[in-house]
Amino acid sequence: MSSQATPIQGSRPLTPPLPSAGSNGSLSFPRSLQPPACRHRDRSPSPMKRVPHPQPPPTRRNRTCSATARASEGPVFFGVCKCFSRSKGHGFLTPSGGGTDVFVHISDIEGEYVPVEGDEVSYKVCSIPPKHEKVQAVEVTITHLKPGIKHETWSGNVISG
C-alpha cells in the first residue's frame with residue numbers, strides 16, 4: 001500500500017475561497033460565513049431521550065387480524081358507560097361484575113347512538129399491546145339507553161329520552 005493519500009471516489013475536490021481584491025494574497029472569509037464566537041457549548045443530555053413514546057391504543061383500523069379474531073371469538077361482557085367524550089374519541093365502561101374500568105375507542109362503538117353516562121352496553125375485550133396487560137372494549141353495542149337523558153346520533157340528531 002502506498003503512503004500517498006488517494007482521493008475518495010465520487011467526491012469533489014475542495015477549493016479554497018478566492019482571496020479578496022484588497023488583500024495581499026491572504027485568505028479571508030466574509031463575516032456572514034464565519035462561525036459564531038460561541039460555537040460550541042456543552043449541552044446536558046435530554047431526560048426524554050431514552051423514554052419510549054406512549055403508543056396509542058389499537059383502533060379498529062390498525063388492529064391486527066389475529067387480535068380482531070380473538071376478540072370476536074371471546075365472551076360478551078355487560079356494563080355501564082362511565083364516561084365518553086366524542087371530541088376526544090374515547091371513554092370508559094364500568095363492568096357490571098365489578099373490577100377496573102375498561103377503555104373504549106370511538107372506532108369500536110357500533111350502532112347509531114353516541115354513548116352517554118349511564119347507558120347499558122355489551123362488549124367484548126381485546127388486549128392492548130405492547131405488554132398486553134390491559135384490555136379495551138371492542139364491538140361495543142348500547143343495549144339500553146338511559147331514560148330521561150338526551151341522546152345524540154352520530155349524524156348529530158338529538159333524540160329526547
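Since the model is a prediction, treat every value here as computed from it, not as a measurement.
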Do the side chains of Val114 and Ile159 join up, straight or via other hydrophobic residues, at under 4.5 Å, putting them in one cluster? yes

On a heavy-atom basis, which atom in Val102 and which in Pro95 lie closest, and how many Å separate them? CG2-CG, 4.1 Å

With rounding to the nearest 0.5 angstrom, report the CZ to CD distance, Phe77 to Glu139. 12.5 Å

Donor-acceptor pair, distance only, cut-off 3.5 Å: does the side chain of Arg86 make one with the backbone of Trp154? yes

Yes or no on salt bridge (Lys or Arg N to Asp or Glu O under 4.0 Å) for Lys146 and Asp119, after CA distance, side-chain angles and deciding distance? CA-CA 5 Å; Lys146 184 175 181 182; Asp119 286 345; over 6 Å; no

Note, Ile109 side chain near Val104 side chain (heavy atom, < 4.5 Å): yes

Is Thr143 reaching over with its side chain to a backbone N or O of Glu120, donor-acceptor style, under 3.5 angstrom? yes

For Asp108 and Gln136, run side chain to side chain contact (heavy atoms under 4.5 Å, CB included): C-alpha distance rounded to whole Å, both residues' side-chain angles, the deciding distance at 0.1 Å, then the answer. CA-CA 9 Å; Asp108 292 311; Gln136 77 177 51; 3.1 Å; yes

For residues Tyr113 and Leu145, determine if any side-chain heavy atom of one lies less than 4.5 Å from a side-chain heavy atom of the other. yes

All heavy atoms of Lys150 vs all of Val116, minimum pair found to be O-CG1, 4.5 Å

In the structure I gave you, are the side-chain heavy atoms of Tyr123 and Val138 within less than 4.5 Å of one another anywhere? no

Between His144 (side chain) and Ile142 (backbone), is there a donor-acceptor pair under 3.5 Å? no

Plane angle bin for Phe92 and His90 - parallel if under 30°, tilted between 30 and 60°, otherwise perpendicular: perpendicular

Residue pair Ile128 / Val135, side-chain heavy-atom distance below 4.5 Å: no

Within a strict 4.5 Å, meaning less than it, do heavy atoms of the Val121 and Thr141 side chains meet? no

Minimum heavy-atom separation for Val76 to Ser122, with atom names? CG1-CB, 4.0 Å

Side chains of Glu152 and Asn157: any donor to acceptor distance under 3.5 Å? no

Are the side chains of Lys82 and Glu117 in touch, meaning some heavy atoms are under 4.5 Å apart? no

For Thr153 and Glu112, indicate whether the former's side chain and the latter's backbone hold a donor-acceptor pair under 3.5 Å. no

